[in-house]
Amino acid sequence: MTLLLIIIGLTLLLSIIMPIAYLWKFVSEVKKGYYKTEPHKRGE
Amino acid sequence: MEQLIFIIVSILYIAIMLLFTFWMHKRKFVRNLNDFLIAGWAIGGALIGMNMLAGWTNAFTIFVNAELSAVFTFPNYIVLLVIGIMLPMILGIFIAKPLRRKFSRGYGIVDFLDKRFKSMPLRSWGYICCIIPAFLMIFANLFMLGAYGTALTGISLEYIVLMFAVLVIIYCTIGGWWHVVFTDFIQFMFTFVSIAIFLIVVLSQFGGISGIFEGILQANPGFFGFVSSIPFWKLLVVLFLTILAGVFAAQYIWMGFQSARSEKEMNFAFSSFFLGYLPVAALGFVSTLIAMSQNIDVVAATGYIGDAPIVILQYLPFWLSILMWLVVLQFAITTLDTQLVASSSLTEIGVIRPIAKSRGVKLSPRKEMLFSRIIIIAIGLLATFFALNKIGFVEYLFMLGFWQVSIMSMNGLGAYWDKVTKWPALIGTTVGTLVGAYYFFVLGDDFLGFTLMLAISFGLMILLSYLPPFNKKKFDFEIMDEVKR
């Protein structure tokens with residue numbers, strides 16, 4: 001029961017946290033200018 | 001009525017993807033060959049992590065996890081999942097790190113083998129060992145998408161395969177690796193949200209975790225105890241090696257971490273990639289747990305023990321079936337596009353460019369891009385033909401790991417060790433592969449096939465590198481790095 005609780009709890013937590021973390025990271029990348037269309041303007 | 005809703009959802013999906021492709025094309029992300037093949041080595045960690053996960057998880061993933069969790073007891077399955085699958089996924093960082101430092105502007109495996117060993121046979125073998133698994137994944141995923149699509153939606157297999165194959169070929173041909181990473185990111189965000197919704201609804205519908213636990217205890221009291229057996233440990237080793245080889249010798253994983261703009265971004269991708277696998281696997285194993293706790297006979301319903309995610313849908317509201325269709329669709333599409341562009345870059349860099357060079361022809365970047373696009377269309381159409389004719393794929397799919405394990409020692413030692421040169425690598429790989437092939441294909445023993453193949457090829461390469469006449473020359477890693485040069 002404990003193993004089941006831990007695994008399913010972790011899974012639920014990850015399935016909610018992962019998209020938020022990825023989106024957070026992606027937005028910060030866009031803000032840094034990683035995905036500017038002109039290659040020479042892409043930030044470091 | 002229900003079928004009509006599925007048709008509308010599928011058409012909407014295709015329309016959104018095509019609109020996005022059109023928007024990306026207008027913004028001119030793809031300006032040259034490097035943009036097309038490797039996104040100009042300019043991607044951040046979020047896109048790479050998601051793309052690696054999206055390429056890694058395919059139409060089979062949830063059903064394979066459902067099968068493993070039904071065949072083994074729960075603690076055994078968790079050991080397989082964590083040690084056999086998730087651990088080797090993170091170990092991929094050990095090949096990514098040296099390559100990132102020594103070979104930061106590369107195009108994947110064949111390019112690495114070419115520059116590292118300067119040997120035509122090794123490069124060609126590397127190409128064969130990468131293109132076969134990639135092609136198998138493309139047409140098997142197309143077929144699986146059709147088969148599960150038909151089971152879920154009632155639309156015929158031919159229509160589904162054709163519709164989505166054409167969609168993927170169109171956007172891969174137009175946008176290459178830039179389109180693949182962006183569309184995979186967007187699709188997998190939806191997949192994660194869908195998984196969270198599915199798990200929450202399903203768990204609450206069937207009495208929560210304690211309800212499932214008690215249901216299974218009544219039906220199968222031994223399910224929560226660990227059972228140690230020789231077949232289990234053998235499977236764990238085979239699974240571990242197959243997955244490790246999948247990371248060490250899959251073109252799309254190499255393209256993923258090589259297209260990272262810095263080592264920091266690559267580290268983010270690897271540290272998140274293995275964590276993301278757990279929710280994906282959960283879609284399979286939670287469905288199996290529910291089927292068990294409710295005494296639903298999955299084998300009687302469809303004939304395959306891993307079909308629990310489909311079978312339990314008839315006990316759930318209709319909108320969850322739509323959600324499941326979108327999830328299966330996204331798993332298949334994200335793998336298809338990643339593998340298609342990976343095969344195109346493999347063929348362009350590993351076959352077309354060397355042939356042109358050996359004949360003294362200098363191909364212009366524009367021509368190389370045209371060739372890459374033609375390769376995508378050709379491989380895509382060939383895979384569609386295979387999928388439509390249902391050419392037996394299950395037998396071939398089990399052989400997927402063989403090719404990747406064959407070049408694993410070459411990639412692993414080649415990336416780390418300057419002492420190993422062309423001849424030790426060639427002899428080690430040839431002898432290891434021949435012995436492995438004998439056990440794997442002739443005797444049908446995948447455990448001995450994989451372990452002997454790895455032990456012999458690694459052992460021979462190390463031994464020969466210390467012996468004369470191979471121990472004289474060391475490889476200079478500096479010459480590989482175009483940035484430092």
Side-chain angles (χ1 to χ4, degrees), chain A, chain B residues 24 26-29 31-32 34-35 40 42-47 49-50 53 74-75 77-78 81-82 178 182 185 188-200 203 208-210 212-214 216-217 224 226 261-262 265 268-269 272 275-283 285-286 289:
Chain A
M1 177 74 183
T2 326
L3 182 68
L4 196 67
L5 258 178
I6 293 171
I7 296 291
I8 293 185
L10 196 66
T11 306
L12 272 175
L13 201 70
L14 276 175
S15 67
I16 294 162
I17 287 177
M18 292 291 284
I20 297 172
Y22 270 114
L23 198 62
W24 191 291
K25 178 84 173 64
F26 179 67
V27 170
S28 80
E29 283 168 10
V30 172
K31 275 186 188 161
K32 281 182 202 160
Y34 282 13
Y35 304 119
K36 287 251 168 70
T37 320
E38 297 85 356
H40 60 279
K41 283 187 188 167
R42 280 177 199 149
E44 283 309 314
Chain B
M24 286 277 291
K26 280 215 99 178
R27 294 205 62 187
K28 291 203 172 97
F29 266 97
R31 285 160 189 253
N32 54 42
N34 291 338
D35 283 340
I43 315 179
L47 288 190
M50 209 65 134
L53 185 63
F74 192 62
Y77 166 68
I78 295 300
L81 177 67
V82 175
W178 266 121
F182 267 109
F185 183 81
F188 240 67
M189 290 301 282
F190 278 107
T191 308
F192 269 122
V193 176
S194 308
I195 291 173
I197 295 172
F198 186 84
L199 289 180
I200 292 167
L203 284 173
I209 297 173
S210 59
I212 291 170
F213 179 71
E214 266 143 37
I216 297 175
L217 264 193
F224 291 103
F226 185 81
R261 57 187 300 132
S262 68
E265 303 292 340
F268 175 86
S272 56
L275 280 176
Y277 190 83
L278 188 61
V280 176
L283 215 55
F285 74 75
V286 168
L289 293 180

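Here the structure is a predicted model, which is why all the values come from computation and not from measurement. Throughout, protein chains are lettered first and strands after them, A, B, ... in sequence-line order, and every chain is numbered starting at 1.
In this structure, chain A has no heavy atom under 4.5 Å from any part of Leu217(B). Neither the backbone nor the side chain of Phe188(B) comes within contact range of chain A; no heavy atom of the residue lies under 4.5 Å from a heavy atom of that chain. Of the two parts of Phe29(B), the backbone and the side chain both hold a non-hydrogen atom closer than 4.5 Å to a non-hydrogen atom of chain A. Heavy atoms closer than 4.5 Å to chain A are found in the side chain of Leu203(B), but not in its backbone. For chain A, no part of Phe190(B) is nearby; none of its heavy atoms comes within less than 4.5 Å. If you measure heavy-atom distances from Thr191(B) to chain A, you find no contacts under 4.5 Å at all. The contact between Ile78(B) and chain A is made entirely by side chain atoms (from C-beta outward), counting heavy-atom distances below 4.5 Å.
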_Checking Ile8(A) against Ile212(B) for the side chain to side chain contact (heavy atoms under 4.5 Å, CB included) test, could you report, in this order, the C-alpha distance in whole Å, the side-chain angles of both residues, the deciding distance, and whether it holds?_
CA-CA 11 Å; Ile8(A) 293 185; Ile212(B) 291 170; 5.5 Å; no

*asked:* Could you walk me through whether Glu265(B) and Tyr34(A) satisfy the side chain to side chain contact (heavy atoms under 4.5 Å, CB included) test, starting with their C-alpha distance in whole Å, then the side-chain angles of each, then the deciding distance to 0.1 Å, before giving a yes or no?
replied: CA-CA 11 Å; Glu265(B) 303 292 340; Tyr34(A) 282 13; 2.8 Å; yes

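In terms of heavy-atom pairs under 4.5 Å with chain B, the best-connected choice from Ile17(A), Leu14(A), Leu13(A) is Leu14(A). Counting heavy-atom pairs closer than 4.5 Å to chain A, the top-ranked of the candidates Leu199(B), Leu275(B), Ile195(B) is Leu275(B). Chain A forms more heavy-atom pairs under 4.5 Å with one residue of Phe182(B), Phe224(B), Phe192(B) than with any other, namely Phe192(B).
In this structure, the ring-ring contact (aromatic ring centres under 6.0 Å, His included) partners of Tyr77(B), at least two apart in sequence or on a different chain, are Phe285(B). The side-chain contact (heavy atoms from CB on, under 4.5 Å) check on Ala196(B) picks up Ser15(A), Ile16(A), with sequence neighbours excluded.
Residues Ile7(A) and Leu81(B) have side chains not in contact (no heavy-atom distance under 4.5 Å, counting atoms from C-beta outward).
Smallest separation of non-hydrogen atoms from Thr11(A) and Pro279(B): CG2-CA, 3.7 Å. Taking each heavy atom of Ser272(B) and Met18(A) in turn, the nearest pair found is O-CE, 3.3 Å.
Interatomic distance, CG of Leu3(A) versus CZ of Phe74(B), reported as 5.0 Å (0.5 Å rounding).
Tyr22(A) places no side-chain N or O within 3.5 Å of a backbone atom of Phe185(B) that could act as its donor or acceptor partner.
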